[in-house]
Amino acid sequence: MTNRHSLALAHIGVAVAAFGVAAVMGVLQALSIADVEFPRRSEELYYVSMTAHGVLMALVFTTFFIMGLGYVFAAESLGRITGRAVGWLAFWIAAVGSVMAAVTILRGQSTVLYTFYPPLQAHPLFYIGATLLIVGSWLWGGIIIASYRAWRREHPGVPAPLSIHGLLASIIVWYLATTGLALEVVGMLIPWSLGIFDKVDPLVARTYFWWFGHPLVYFWLLPAYIIWYYVLPQVAGGRLFSDPLARMAFILFVILSTPVGFHHQLADPGITAGWKLTHTILTYAVMYPSFVTAFTVIASLEVAGRLKGKKGLFDWIGALPWRDPVFSAVALAMIAFTFGGFGGAVNAAYAMNSMVHNTAWIMGHFHVTLGTTVALTFMGATYWMLPRLLGRELRPAVLARLQPYLWFLAMAAFSTSYHIAGMRGMPRRVYSAALAGEQGAAWHGLTLVAAVGGVLLFLSASFYVIVVFTTWLGGKRITPPAFEFAVPLLPPTTPGVWDRFGLWTIVAILLVAAAYGYPLLQLLAHPRFGSPPFKPF
Ligand code: HEM
Ligand SMILES: [Cu+2]
């Protein structure tokens, strides 16, 4: 490969391949839950497949895609990737780690679901593989930071391009998040799986996991927000409504995305109500930058419609390029987030959480947020990048055009039915809703609708994978279009308070220390008994 974007392309290729494999598993799970028979259906296959689906989608697809996107932004906005050779090393470390983890899952030795809560125990190579994926991503973050610093030396006194501002925010969030994960995996799970410790404390492990698990969602979301702020208005023919608001939003995520993890542990013992409440309040605070994002991006799109001469209250919406898959994918992803955000506010509320905790509602929720807001944005970003990276036209164009709409409609069926089933008490992660007797009969219709949604989602996923690989191998050659980014209505001239990354990182570290220090000390000081490992199959 002589393409100057080969590093980015390699990452995107792995991401799309992981997505494709995981999509097959997703549809099998949806059928199984609805009690639809298919060859070799079994409990074991269901849990093996769900572990693979969750890990490949939530960890491999997202991380590789974000790394690829980061290299594109560094090359285009900074004009450089400092340490390309290290970039390839990081790619191979992450790829080998992902394959190691995937193989132990598919061999049935790591059926621990993507949250890998102990005392469920996986094969040591699962934990080591996951660690390597993270190590690769750490090196990637270092390369982006090094590229930024080299650019900075040549451009003193100007604010970083917005894509890089957002990317640096994502990387800081990622380093803060993965510190928790490293404490859990390296400090507890790897030695335990190797037999060095015979017991592990599930509560401490879960606390480290959610220290990682919530900012993880912002590590997915912030790169999507970069596309919303910086690419979408340009694709629509508009301007970025406000540059400082965008910069502020990214910094608020740096500060607020981590000290909120207890909202996943509202039902866990051993953490006092006061700390749970503190994290809940911070969770509501971290919704604010998302509201700012929705406002700014929609205003930017309105500018696009106005520039096309629309004067009415809503007629500018029809003037947007809904037939362009880059636009439709990203815009539908944003619409999905209004539902996702609503559900998230329910999950975070102490009392309402107890109605939906660990029910099918949760998987309805994260398929609209991660599975649509993030994933559909990444699909739109793929359609934006591929012609520019490869110098080829998207092909087959009609599949690319249909794919985002099909995903959106299929997800509406899939996710809405699981939300309702969850409110009727259906647990998540169940092999077959029909097993629950009479109660299950009440869920069965909903799970069937969800299964139809799952099949259509799979169809849409196949369209995406087909478009990516057909374009890559056989798309019509064109002069690559330029990477163009949205221009703010009022471009910034000097760096402001939101450009002070060093300061905000310190604030973020202090907040994490405050939010986790004392509760963790309490947990570690309790008399602790620990649990021996369990392997369900
Ligand atoms: C073809 C499209 C998809 C289908 C049909 C599908 C279907 C499913 C089903 C049926 C489950 C099982 C939930 C349960 O029993 O509790 C599941 C779990 C999950 N899915 Fe998807 N999904 C799809 C796409 C995605 C995407 C795009 C993502 C993220 C990028 C994603 C992330 C997850 C995660 C993290 C889990 C949780 C696994 C666990 O509980 O350990 N899915 N999916
Ligand atoms: Cu969370």
Side-chain angles (χ1 to χ4, degrees), residues 15 18-34 46-63 65 105 111-117 120 177 209-218 220-221 224 257-266 279-280 282-283 286-287 333 336 344 347-348 353 358-379 406-407 410-411 413-415 417-418 421-422 426-433 447 450-465:
F19 173 89
V21 175
V24 179
M25 298 171 156
V27 73
L28 294 183
Q29 291 149 214
L31 293 174
S32 177
I33 297 170
Y46 171 76
Y47 288 105
V48 166
S49 142
M50 208 202 320
T51 306
H53 173 83
V55 169
L56 287 176
M57 284 294 192
L59 302 175
V60 180
F61 162 63
T62 50
T63 308
F65 194 87
I105 296 171
T111 313
V112 291
L113 304 174
Y114 97 107
T115 38
F116 46 88
Y117 290 147
L120 287 180
F209 183 85
W210 287 113
W211 162 342
F212 158 75
H214 192 81
L216 169 67
V217 315
Y218 288 105
W220 302 325
L221 204 54
S257 15
T258 312
V260 296
F262 288 161
H263 68 215
H264 293 269
Q265 296 181 273
L266 295 178
H279 283 219
T280 299
L282 287 167
T283 303
V286 77
M287 287 176 192
N347 299 343
N353 179 278
N358 263 335
T359 67
W361 165 286
I362 301 299
M363 56 139 155
H365 169 71
F366 64 67
H367 283 89
V368 262
T369 47
L370 167 62
T372 303
T373 307
V374 172
L376 197 50
T377 299
F378 287 179
M379 295 180 212
L406 182 57
W407 188 276
M411 192 56 90
F414 178 89
S415 164
S417 20
Y418 282 143
M426 184 180 129
R428 69 187 272 217
R429 296 171 163 175
V430 285
Y431 164 64
S432 163
T447 58
V452 173
V455 171
L456 295 177
L457 276 174
F458 174 70
L459 195 65
S460 173
S462 325
F463 287 2
Y464 169 67
V465 176

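First listed ligand is number 1; within each ligand, the first listed atom is number 1.
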Non-hydrogen atoms of M25 and A52 that approach each other most closely: SD-CB, 3.5 Å

Sub-2.8 Å protein N, O or S atoms surrounding atom 21 (Fe) of ligand 1: H53 NE2, H367 NE2

Minimum heavy-atom distance between M411 and G371, given as atom pair plus value: CE-O, 4.0 Å

Heavy-atom gap T115 to ligand 1 smaller than 4.0 Å: no

Parallel, tilted or perpendicular: ring planes of H214 versus H263, cut at 30 and 60 degrees: perpendicular

N or O pair under 3.5 Å between Y418 and ligand 1: no

Which residue and heavy atom of the protein sit nearest atom 2 (C) of ligand 1, plus the separation: L457 CB, 3.7 Å

Shortest protein heavy-atom distance from atom 16 (O) of ligand 1, along with the residue and atom involved: R429 N, 2.6 Å

Under 4.0 Å to a heavy atom of G454 - the qualifying atoms of ligand 1, by number: 5 (C)

Considering all heavy atoms, the nearest F61-A375 contact: CE2-CB, 4.2 Å

For I105 against V48, the heavy-atom pair lying closest together: O-CG1, 3.5 Å

Subset of ligand 1 atoms that lie under 4.0 Å from at least one heavy atom of A30: 10 (C)

Within-2.8 Å protein N/O/S contacts of the Cu ion (ligand 2): H214 ND1, H263 NE2, H264 NE2

Closest approach of S257 to Y218 (non-hydrogen atoms, all atoms of both residues): CB-CD1, 3.4 Å

T373, T62, T369 screened by side chain to side chain donor-acceptor pair (under 3.5 Å) with W220, the one that passes: T62

Aromatic contact, F19 with Y464 (centres under 6.0 Å): yes

Proximity of I33 to ligand 1 by residue part, where a heavy atom lies under 4.0 Å: side chain

W220 to ligand 1, any heavy atom closer than 4.0 Å: no

Contact check, side chains of I33 and Y46, non-hydrogen atoms, under 4.5 Å: yes

Parallel, tilted or perpendicular: rings of F414 and H367 (30°, 60°): perpendicular

V24 side chain near F458 side chain, heavy-atom distance below 4.5 Å: yes

Short N or O distance, Y46 and ligand 1, threshold 3.5 Å exclusive: yes

Nearest heavy atoms of A30 and G454, plus distance in Å: CB-CA, 4.4 Å

Pair N358-R428, side chain to side chain contact (heavy atoms under 4.5 Å, CB included): steps then yes or no: CA-CA 6 Å; N358 263 335; R428 69 187 272 217; 3.7 Å; yes

Test item: T258 side-chain N/O and P215 main-chain N/O as donor-acceptor pair under 3.5 Å: no

